[in-house]
Each structure stands twice: as C-alpha cells, then as structure tokens.
Amino acid sequence: MSFDSIKQTHDDALMPTYGRFPVALTSGKGATAYDEDGKAYIDFGSGIGVTSLGYCDEGYMAAVNAQLHTAQHFSNLYYNKTQIDCAASLCRRTGMARVFFGNSGAEANECAIKLARKYSFDKYGKGRSTVITLCNSFHGRTVTTLAATGQDVFHNYFFPFTGDFVYTPANDLDALKALADDTVCAVMLECVQGEGGVMPLDDAFIQGVRALCDEHDWVMIVDEVQTGIGRTGKLLAVEHAAVKPDVVTLAKGLGGGLPIGACLCAEGFETVMSAGMHGSTFGGNPVVCAAASYILDTVDTPAFLAAVADKGDRIRARLAAMPHVQEVRGKGMMIGIVLEDGIAAKDVANACLASGLLILTAKTLLRLLPPLNISEEELARGLDILESVLKEWNQ
C-alpha cells in the first residue's frame with residue numbers, strides 16, 4: 001500500500017487532531033523503525049517517551065505474550081495477581097504507599113487532583129480546592145488537566161474549564177509563596193517541563209515547594225508522566241532533588257507502548273480515595289501490568305540507570321558541538337536543543353525525517369527522547385544524521 005493511499009484512508013477515517021509527519025511506520029526493532037517501503041529510521045522520539053525499551057524487546061514481548069495467553073482482561077471487581085504484583089513493585093521501588101491504575105498520564109493526573117481535593121475536603125471542609133501549577137506546564141488534554149496546564153494556548157474552545165487552578169512561574173519560590181492562602185490544597189509540578197520546552201526545575205525550587213507544602217499542609221503532586229521510569233537517569237526525576245512528594249503520577253515509559261497511567265500516594269494518603277470514589281474499566285489491565293512489571297525489573301537497576309545518565313551526558317556533549325546549536329538542556333535522556341534564531345525546529349525535524357531520523361519538537365526546540373536502551377550503533381548513527389542535517393543547513 002503506497003503512502004498516498006494510506007494517507008487518503010487516514011484523511012477519510014480519522015479526525016484531523018494530529019500534525020503528522022509525512023511517513024507511515026509499519027514495524028520496528030530496537031531503536032529503528034521502518035516505513036511501508038522498508039526505509040529505516042533511527043527513532044530518537046520513542047513514541048514521545050513511550051517505547052522506553054525500544055521496539056520488540058524480546059523480554060517485553062515474552063512477558064506480554066505470556067499474559068495474553070493466560071487472560072487478556074479481568075474486571076476490577078475482582079482481585080488479579082498480575083495487577084497486584086505490579087502495584088507492589090511500584091510502591092516498593094518508589095517508596096510510595098498505594099497506587100491507582102488508569103490508562104494514561106491525563107487520567108493519572110485527574111486522579112491526583114481528585115485525591116488532593118478530597119484530602120483537603122476531608123480535613124478542612126469546603127473552600128480549600130485551589131491547585132497551584134507552573135507556567136509553561138503540561139498535564140494532559142482532558143478538560144480538567146487542560147485547566148491544570150499553565151499555557152494560555154490550551155485555554156480555549158472547550159469552555160467552561162474546571163476551576164480553581166492558578167499558575168506561578170517556575171523556579172520562583174517568592175511568587176509561589178505570594179499565592180499562599182486558605183483556598184490552596186496542592187502544588188503540582190513537573191521536574192522537567194517536557195512539552196513546555198524541556199525546562200528543568202532547580203533542585204532548590206523543588207525543595208522549597210516541599211517545605212511550603214509541609215508548612216501549609218498542601219499536597220505536593222509531581223507529574224512524572226514524561227520524566228519517570230528512568231528517563232532522567234533516576235527511576236523518578238524528583239530523586240535528583242532528594243525530595244519525596246505526596247503524590248506521583250506515571251504513564252508513558254511505564255507501559256513501554258501499552259496504555260497505562262499510575263497515580264501513587266505516600267503514607268498518610270492511603271485511604272483518601274475509598275470504594276466508589278474513583279475507578280477505571282481498563283485500568284490495571286493484566287496484559288499492561290505484565291508489561292509494566294517487566295519494564296520496572298529491567299530499568300530499575302543501578303547499572304541500567306547509570307547507563308542512561310552516561311548516555312545522556314555523552315549525547316549532550318556531542319550536541320553542544322554541532323553547528324547552529326545555541327543551547328542543550330535537560331536531564332538524562334530527556335534533551336532539548338535550542339537552535340539559532342531563524343531556524344525552525346519543525347523544518348529541521350522534517351529534514352531529519354528525510355534522512356532517516358525521527359526526532360521530536362517542543363515549542364521552538366528539537367527534543368530527544370530516545371529508547372533508554374538504544375544501542376551505541378543506533379545512537380551514533382542518529383547523531384550523525386542530525387549533525388549532517390545541521391551542517392548542511394542554510395539560514
């Protein structure tokens with residue numbers, strides 16, 4: 001089937017909600033994807049940080065296949081050992097007390113917001129429901145998580161948005177303190193703002209947020225949907241700041257390509273969400289939980305995480321020496337590339353695509369989220385393509 005035929009079928013069948021690159025991917029192995037003509041592409045995006053172990057990892061496929069041949073789904077009206085084992089592994093590895101499973105990052109963040117507001121309502125009554133989030137943040141595409149997102153571009157069309165969200169600049173503790181009043185119940189942040197342009201928060205700011213939350217009995221929510229599961233060289237990005245949040249949300253790399261969301265809470269919050277307060281038909285599906293357990297076992301080892309940190313350091317050093325690169329930022333293998341003025345990141349991404357490299361953008365930046373276990377050969381080949389494209393770029 002030709003690309004034009006695939007695109008025409010797409011245009012006739014799907015809502016035009018994505019600005020797609022002009023390629024139809026059909027298969028993949030490791031960090032390499034293939035299109036309908038068999039052309040190979042080094043994948044530096046991993047499905048926006050989702051395929052954390054690349055395509056068709058043998059152990060991952062075996063874990064999924066074994067569960068699929070046992071049972072593909074059980075209702076959450078019943079106990080399921082595969083789900084329970086995954087939950088126990090997550091809690092043990094993160095130091096959190098309980099977990100709720102959904103199907104996406106947005107769902108995980110919805111759960112976190114509900115938990116924070118319920119905790120405050122139970123303890124203080126009505127009127128303490130404001131959630132402070134950061135300018136330039138991104139927390140999802142539901143009506144509530146769009147409201148939580150601190151970017152004006154998302155606050156349009158879908159009125160009325162869920163209320164009681166206010167925004168404060170990142171890394172400005174004084175501005176956050178100025179919002180402190182008796183209506184606030186929580187602060188929600190990403191340790192590295194991904195969709196906001198790969199902007200890392202200062203450790204001191206994160207530590208200051210923790211202190212403020214302790215002082216005012218606010219719930220500290222850390223959105224690790226993109227930063228979690230080893231992406232920054234730690235299992236959770238918040239570990240870089242040596243801070244323990246009250247609530248952590250996960251998705252993307254946890255499922256390795258299968259849909260999962262997880263909202264984890266610390267001790268003291270275990271019973272806030274009681275029976276009937278929240279739920280998900282597909283959340284904690286045994287096939288997805290089998291995949292997540294395998295990924296946790298693979299990623300959460302000192303050697304694996306050290307390799308992620310090392311690769312990230314080497315990638316950033318190589319990128320910094322490339323032409324037209326003004327700044328490189330990020331943590332681990334979550335990397336943003338600021339290009340010289342006048343060079344559009346989307347144009348460079350399209351040129352990379354033509355040369356066999358899949359790369360992401362975030363606002364005006366190029367963004368790299370390679371599979372965490374990308375081979376040295378694939379990594380070198382992808383960086384060579386990017387460097388070649390930038391060397392040939394004429395402003």
Side-chain angles (χ1 to χ4, degrees), residues 75-77 83 87 90-91 94 96-134 137-150 154-155 158-168 179 181-190 209-210 213 216-226 228 236 238 244-252 254 259-285 288:
S75 167
N76 282 315
L77 295 174
Q83 179 191 95
L90 262 177
C91 290
T94 60
M96 304 301 276
R98 298 289 188 276
V99 60
F100 172 86
F101 286 120
N103 308 284
S104 68
E107 286 186 39
N109 286 335
E110 287 266 353
C111 181
I113 293 162
K114 288 176 70 174
L115 187 151
R117 287 179 170 172
K118 173 74 164 38
Y119 169 81
S120 189
F121 181 89
D122 290 348
K123 198 166 182 181
Y124 300 99
K126 291 182 179 180
R128 199 174 187 269
S129 56
T130 297
V131 178
I132 301 172
T133 71
L134 302 185
S137 61
F138 182 84
H139 297 294
R141 292 184 181 275
T142 66
V143 169
T144 294
T145 54
L146 282 174
T149 293
F154 291 105
H155 301 157
F158 310 114
F159 306 105
F161 289 96
T162 305
D164 292 353
F165 290 95
V166 296
Y167 318 106
T168 190
L179 295 175
D181 61 28
D182 59 7
T183 71
V184 176
C185 70
V187 179
M188 187 175 190
L189 58 84
E190 306 154 276
V209 172
R210 176 70 275 176
C213 288
H216 296 285
D217 196 20
W218 297 341
V219 179
M220 183 180 183
I221 304 170
V222 176
D223 177 344
E224 296 257 10
V225 168
Q226 192 168 138
L236 300 178
V238 73
K244 184 175 180 180
D246 301 310
V247 178
V248 170
T249 58
L250 298 166
K252 289 188 180 291
L254 178 60
I260 191 170
C263 177
L264 295 93
C265 67
E267 291 180 5
F269 297 86
E270 302 100 314
T271 60
V272 171
M273 302 293 273
S274 56
M277 290 290 172
H278 201 46
S280 170
T281 297
F282 297 107
N285 173 276
V288 181

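Source: prediction; values computed, not measured. Quick note: numbers below take in every heavy atom, side chains included, and nothing from hydrogens, waters or symmetry partners.
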Quick check, are the ring centers of Tyr119 and Phe121 under 6.0 angstrom apart?
-> no
Under a 4.5 Å cut-off applied to non-hydrogen side-chain atoms, are Leu236 and Val222 in contact?
-> no
So do Phe101 and Val288 actually touch side chain to side chain, heavy atoms under 4.5 Å?
-> no
Test item: Glu110 and Thr145 side chains (from C-beta on) under 4.5 Å apart, heavy atoms = yes
Between His278 and Lys114, which heavy-atom pair has the shortest distance, and what is it?
-> ND1-NZ, 2.9 Å
Least distance between heavy atoms, Thr133 atom then Ala148 atom = OG1-O, 2.7 Å
Would the number of heavy atoms belonging to other residues, nucleotides or ligands and lying under 6.0 Å from CD of Glu267 be above 12?
-> no
In this structure, are over 12 heavy atoms from other groups packed under 6.0 Å from Phe282 atom CZ?
-> no
Nearest 0.5 Å, what's the CG-CG distance between Leu90 and Leu254?
-> 5.5 Å
How close do Asn76 and Gln83 get, heavy atom to heavy atom, and via which atoms?
-> OD1-NE2, 2.9 Å
Let me know which of Thr142, Thr149, Asp223 forms a side chain to side chain donor-acceptor pair (under 3.5 Å) with Asn109.
-> Asp223
So, are Arg128 and Asp181 salt-bridged, with charged N and O less than 4.0 Å apart?
-> no
Less than 4.5 Å apart, any side-chain heavy atom of Val247 and any of Cys263?
-> yes
Closest heavy-atom pair, Glu224 versus Val238, reported as atoms and distance to 0.1 Å, is OE2-N, 2.9 Å
Smallest heavy-atom separation, Trp218 atom then Asp246 atom, equals O-OD2, 3.6 Å
Side chains of Ser129 and Asp164: donor-acceptor distance under 3.5 Å anywhere?
-> yes
First locate atom CZ of Arg210, then atom CE of Met220, and finally report the distance between them rounded to the nearest 0.5 Å.
-> 6.0 Å
Compare all side-chain heavy atoms of Cys265 with those of Leu115 and state whether any distance is below 4.5 angstrom.
-> yes
Mind listing the closest non-hydrogen atom pair of Cys91 and Val99 along with its distance?
-> SG-N, 4.2 Å
Looking at side-chain heavy atoms only, is the closest gap between Val248 and Thr94 below 4.5 Å?
-> no
Between Ser280 and Asn103: side-chain donor-acceptor atoms closer than 3.5 Å = yes
Distance flag, aromatic centroids of His139 and Phe165, threshold under 6.0 Å | no
Does Val131 reach the side chain of Arg117, with side-chain heavy atoms less than 4.5 Å apart?
-> yes
Can you tell me how far the NZ atom of Lys118 sits from the OG atom of Ser274, to the nearest 0.5 Å?
-> 5.0 Å
Tell me, do Leu134 and Glu190 make a side-chain contact under 4.5 Å, heavy atoms counted?
-> no
Thr130 and side chain to side chain contact (heavy atoms under 4.5 Å, CB included): which partner among Asp182, Val187, Thr183?
-> Thr183
Check the side chains of Tyr124 and Asp217 for a donor-acceptor pair under 3.5 angstrom, ignoring hydrogens and angles.
-> yes
